[in-house]
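Here the structure is laid out as structure tokens; the discussion comes afterwards.
Each chain gets a letter, A, B and so on, in the order its sequence line appears, and its residues count up from 1.
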Amino acid sequence: MTSHNKQYDHKKVEAFWQDEWNKKKLFSVKNQGEPYYVLEMFPYPSGRIHMGHVRVYTLGDVLARYKRAKGFDVFHPMGWDSFGMPAENAAIENAIHPKEWTKNNIDNMKTQLKSMGISYDWKSEISTCEPEYIKEQQKIFIKLFNANLIYKKESWANWDPVENSVLANEQVIDGKGWRSGAPIEKKLLNQWFLAITKFAKPLLDNLDNLKEWPENVKIMQKNWIGESIGAKLSLKIIKNNIILDIKEIEVFTTRPDTIFGASFVAIAPDHTLSEKLSKGSKVVEKFIKEWKKSFISEEDLDKAPKNGLFTNLYVLHPFLDIPLPIYIANFVLSSYGTGAVIGVPAHDQRDFDFAKKYDLEIKQVIREPQIKKNVPLKKAYTGNGLLVNSNFLNNMTVKEAKIEIINRFEIKGIGKKDIKYRLRDWCASRQRYWGCPIPIIYREDGAVLPVEQSELPIELPTDIDFSKGGNPLENHPTWKYTTCKKTGLKALRETDTLDTFFDSSWYYLRFINSKDELNLKSDLIKKWCPVHQYVGGIEHAVLHLLYSRFLIRALSSINEIEIQEPFKGLFCQGMVCHKTYKDEENKWVFPEDIVKKENILTHKITGKKVSAIKSEKMSKSKKNIVDPVSIIKDYGADTARIFMLSDSPPERNLDWSNSGIEGSRKFIIKIWNFFNKLNFKENNYDKNLEFEDYKSSDFIKKMHLCIYKVTKNLDNFQYNVAVASLREFSNYFLSLKLNNNNNEILHKVLSIWVIMIGPIAPHFAEELWKILGHETLLAEQPWPKSDERFLQETNINFIIQINGKKKCVVNLPKGLTKDQIENIVLENDDIKKMLINNNIKKIIIIPDRVANLVV
RNA sequence: GCCCACUUGGCGGAAUAGGUAGACGCAAGGGACUUAAAAUCCCUUGUCUGUAAAGACGUCCCGGUUCGAGUCCGGGAGUGGGCACCA
């Protein structure tokens, strides 16, 4: 038994129990019970965990421990997303090899993660830069290559001149590289693409079946895939004596109903016609050249002025026989639809802005229902209404007109219904060293072939020189030179490596049998997949999660795997935020360097005045980082965990505060002191619980209510409320005036409470469990069940309202009839007084809840 | 510009099914203990009126549905996040 009144030594306690769990291999798969795969997004090994990690891994661990207690066979692995840019940057800046840098970081982060006491099955650890992982990934690549789901094409790429590499569009922020910050230029490159657009429809449709995904993530993916139902339409070019071999332009429009309002056609600067025109025209050539340089984010472009260049060409309006001018315009994207649009200024805002600028006709063809007179439009009208000025479409609704006009297109043989997606194929090529090599060779006779299986994995060369810049593999003296094993012909290796999103698109499959050869059709994968609960940041709502969904579908379409979706349940946690401060020179200041005197904030060292800005996501640049390693050292993992879980709902942002972490520590010490005052003698309990003020039945009732609440809260991811419910009940037992501290009921109730705090503060709970005299491990205890009988109230507080406002509360037995209640209400003295000058018009009675008198 | 989310005391937040708004915590104030401080414990704390009893108001704003709205519907404002001009 633990000695009394000793200090709670979190370092000793936490290390001890982590060791015990480890020795007993508690967190390995048991192969009994219903399988439950809990996975948190694996980290990039930056070298130090941050508060965001602490939050997400705490959330995942609460779930894993809770499900284990509930009898599930929990699989909870952890690994490393270990390829990527920072290792290469470190190599350049600090002359350390990426492999070594990454390995050191993993070692450090693993130690830090272990200090948090998370219930990982470390046996299954994986790292995406290891040869075993690369090998399996290259096999997957070859499968997709052979099925034509990976292909090479020339395409505009975002060229980062500092990194000498291509960035995906979504990796470009404000026209700059998301890591280098360098302005991005357009460059045409031949690159590897994954055919995600082939799966646009099923990826979209199956979102409806992801019942355990947050609605906002599904909406984001839906918008990202962006299905548009419209029409494809061919327009004849007239008065064409410039380009003779192009006789018509194909446009895609989602609003074919507005065709009678069309006043121009706009094509993308890289449309075939634009390119042809540029060869014969200096003006066009200059316009396109400017467009190539002016790569800025699409968002900025949205706000930027619409620019266009008249081509001196016209198309013929298919129904009005009038010429419509063709413009090359900066707001038309070649990657969407056909790269050409038909401009209807009255009913599309971009077309409206363009028409205003170039003085084109704005002809309204849909009447707004509210407005009667024909007032000139101030902006485009995109809503519903009846068609006007539209010949045979007049008086139809938008919906009817769409159907009719497509009909007419088909009769005339100029167009038809068409569906387009805004989703683009996934560019997976990276001109970098620290990534998975693409297992392809280019033979001297021109053949492009996958590497033979027996040669896998193709590993990176270790002797690498970063001093030249550019693509290190391309620059390596020997690595790329090889021969074709079948023919003996000379060949060159592909020197692009894979986007790290590829690595993270299937890693959850690798965990399952991390050491053996990957068999995607194995029973183990069928047993554990899809992942029952995936936890991670909302920032991955689209890319990572959509790519993962795609990869499974691609493999499943070629019969390589038998699951359709990677993640059954998804939970996205909020960011960890902290106050930011700036001094008078507008420089960020560390919060710990600030002193407060009479409500004036000053810098501890410089003495300069400092002002609080706001609470923002923790980031190094804003100096509002709190280091979890020192927090765990000073306060302990359990205190950090309790703080992470209290107060803020997991899906919302959490504000770091010192008083919050202090409060969590006080709670632990308070409970600790209480438990140390107890003195249970096993097998010698007093059966009758005696309190000065309470009946034991109340105590048991409250305990069952607590079980009910905490269980429900955990099931609903309301971890903050679960902590509150546990504190609420602890406030109750802490306040009891005990006559006897060796009581069986008390022992039982406290044991149950300790089991329930287990997933939240696991080391602390083990320690309390020991104080209670148990010789088992708390982590192995089953979750308690609340007994319905104790949740039934015999009396309820019944509310009496007058005109919907609460007037008084009476305590009534449960189950009274409406008539009985009405009598009681009308006989109530307070109510009688209030009714003296009023006539009752109506009485509404909801038994066991409320009565409302309408007067 | 477009899309999404959010808005409840001094603060973080709670509130099955529309039925006692403010659980739990933080901060603040008062008290006890102490030579003193820290720690701990006890009390108070949505706003307004009132000595009090009590009453009125109150979940971003405006309107609606309802006997009854934090909760449902329509419109608006503010804050945060995302974005690839998606025709």
Q) Considering only heavy atoms, which members of residues 261-271 of chain A lie under 4.0 Å from some atom of RNA chain B? A) none

Atom pairs, protein N/O to nucleotides 40-50 of chain B N/O, distance under 3.5 Å:
none

**Q.** Closest to the A/Arg727 side chain, choosing from B/C86, B/C24, B/C4
**A.** B/C24

Q | Partner residues of A/His271 under the ring pair (Phe, Tyr, Trp, His ring centres under 6.0 Å) criterion, sequence neighbours left out | A | none

Q. What is the glycosidic conformation of B/G10: syn, defined as within 90° of 0, or anti?
A. anti

Q. What nucleic acid atoms does A/Asn731 come within less than 4.0 Å of, heavy atoms only: base, sugar-phosphate, or nothing?
A. sugar-phosphate

Q: For RNA chain B, just give me the dot-bracket, please: Watson-Crick or G-U, both distances below 3.5 Å, ( ) intra-strand, [ ] crossing earlier pairs, | paired with another strand, . unpaired.
A: (((((((..(((......[....))).(((((.......))))).((((....))))..(((((..]....))))))))))))....

Q: Have a look at A/Leu423 and say if it touches a base, only the backbone sugar-phosphate, or nothing, with a 4.0 Å heavy-atom cut-off.
A: base

Please tabulate, one pair per line, each protein N/O and nucleotide N/O from nucleotides 52-56 of chain B that are separated by under 3.5 Å, including the distance.
none

Q) Using a cut-off of 4.0 Å on non-hydrogen atoms, how would the nucleic acid contact of A/Phe252 be classed: base, sugar-phosphate, or nothing? A) base

Q: Determine, for nucleotides 13-22 of chain B in 5'-to-3' order, which nucleotides have protein heavy atoms under 4.0 Å from the base (write B), from only the sugar-phosphate (write S), or from neither (write -).
A: SSSBB-BBS-

Q) Base, sugar-phosphate, or nothing for A/Ser646, non-hydrogen atoms under 4.0 angstrom? A) nothing

